[in-house]
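Sequence lines set the chain letters: A, B, ... in the order given, protein chains first and strands last, and positions in each chain run from 1.
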Protein chains: 2
Amino acid sequence: MKRKGLLIVLSGPSGVGKGTVRTAIFNKENQEFTYSVSATTRSPRAGEVHGKDYFFETREDFEEMIEKGELLEYAEYVGNYYGTPMNYVEKTLESGKDVFLEIEVQGAIQVREKMPDGVFIFLTPPDLDELESRIVNRGTDSDEVILKRMKKAREELELMKYYDYSVVNDKVDNAVDAIECIIKSEHLRIDRNMDIILEMEDGFEEAMEDKK
Amino acid sequence: MKRKGLLIVLSGPSGVGKGTVRTAIFNKENQEFTYSVSATTRSPRAGEVHGKDYFFETREDFEEMIEKGELLEYAEYVGNYYGTPMNYVEKTLESGKDVFLEIEVQGAIQVREKMPDGVFIFLTPPDLDELESRIVNRGTDSDEVILKRMKKAREELELMKYYDYSVVNDKVDNAVDAIECIIKSEHLRIDRNMDIILEMEDGFEEAMEDKK
């Protein structure tokens with residue numbers, strides 16, 4: 001039996017540095033992920049290749065994909081659709097390769113609903129860890145600024161519940177190390193390899209019968 | 001709120017090299033585990049210190065601990081009891097330190113029942129990974145030897161279901177790296193930090209009320 005790949009979803013609040021961390025992971029020599037190619041209705045820019053940079057779709061085709069449930073997640077920005085085609089992700093996972101998605105928080109929650117077995121990593125700003133003490137040791141900011149910051153952090157905490165892991169992006173290298181560890185250890189989870197274990201057991205049963 | 005430590009249980013079939021891997025982990029400079037001190041009814045050897053090497057107990061006291069359910073796991077070898085005192089483990093976890101247990105498979109299954117939140121790692125011999133192909137490509141061993149080996153592997157596979165992770169002990173360094181990754185990533189699990197997240201949320205709520 002072939003081992004299925006893992007779906008790894010990296011997300012977090014905007015401005016946390018998801019893209020930088022993703023690029024650092026993909027630039028590593030030993031990386032073996034497949035980066036999920038998104039679909040979009042926007043026009044290709046010079047040099048962009050269909051199927052490599054994006055799947056460029058017409059608005060009609062994209063809306064058909066939405067209706068048929070063929071997208072893991074999608075959103076509309078500035079009049080254009082962007083989304084993750086489920087078919088591409090599933091085929092890659094079936095081939096045994098891990099798929100890496102770096103997406104916005106709302107998109108990640110859509111993916112969680114469709115592929116609950118994925119590994120969902122929430123990248124947090126370093127100050128989230130210090131926020132508790134910040135509340136106590138209030139600084140010189142105006143109440144309004146502090147309140148706004150708190151409200152945002154409060155919302156981010158709410159969303160963390162939908163994820164499996166939280167990684168602090170204090171330094172890109174640390175975040176990359178943590179994410180690599182998470183992926184490595186998820187591959188070692190016994191519940192992810194149960195099919196293989198059961199198949200091996202069946203194999204033993206048969207082979208032992210033959211020997212008797 | 002203080003973060004509780006993790007209980008890490010390393011186990012696996014006898015002869016797989018659990019002790020060697022555990023020693024290698026404890027010899028690392030940056031290791032921060034507390035090694036669980038076992039209780040035993042055997043006499044102290046020269047130089048052994050009560051509370052450091054073992055908790056040396058009388059047979060009566062040990063049996064009282066069993067009856068009172070004060071042991072995470074225990075077994076009798078060659079006329080002496082050996083076991084893991086629950087109190088010691090719980091106190092250490094409460095203090096925020098990880099506890100590392102290296103025990104036999106049967107003991108680990110007892111611990112799983114009492115502390116299901118622990119991280120249970122099954123160390124496998126390198127040949128377990130190759131067993132499936134071995135069944136197909138049968139060697140020159142006698143049927144009897146092959147059958148015995150298969151039966152043993154079959155039993156080991158059965159027990160893996162009670163664990164969270166399986167790590168192949170092909171090289172001690174690889175096994176140590178994998179175990180360190182598992183522990184690191186378990187610390188990043190959101191469900192293990194839910195208490196802290198909820199407490200932070202309450203903190204925000206209160207602080208935001210104050211600001212209004």
Residue B/Tyr162 excluded, over 12 heavy atoms near OH under 6.0 Å: no
Worked verdict on A/Lys161 versus B/Leu198 for side chain to side chain contact (heavy atoms under 4.5 Å, CB included): CA-CA 10 Å; A/Lys161 293 169 198 169; B/Leu198 291 173; 4.2 Å; yes
Residue part contacting chain B, namely of A/Ile121, when any heavy atom lies under 4.5 Å: neither
Heavy atoms of other groups near A/Tyr74 OH, more than 12 under 6.0 Å: no
Throw together a table of side-chain donor-acceptor distances under 3.5 angstrom for residues 66-73 of chain B, partners on residues two or more places apart or in other chains.
residue : atom : partner : partner atom : Å
B/Lys68 : NZ   : B/Glu64 : OE2          : 3.0
B/Glu73 : OE2  : B/Thr84 : OG1          : 2.4

Inter-residue atom distance B/Arg189.CZ - A/Ser185.OG, 0.5 Å rounding: 8.5 Å
Which atoms of B/Ile179 approach chain A - backbone, side chain, both or neither, heavy atom under 4.5 Å: neither
Interatomic spacing from CD in B/Glu186 to OH in A/Tyr165 - rounded to 0.5 Å: 6.0 Å
A/Phe33 atom CZ: more than 12 heavy-atom contacts under 6.0 Å: yes
Sub-4.5 Å side-chain heavy-atom contact between B/Asp164 and A/Ile190: no
Reported OH-to-CG distance for the pair B/Tyr163 and A/Asp191, which is rounded to 0.5 angstrom: 15.5 Å
Between CG on residue B/Asp177 and NZ on residue A/Lys184, distance to nearest 0.5 Å: 5.0 Å
Over 12 non-hydrogen atoms of neighbours within 6.0 angstrom of NZ in B/Lys114: yes
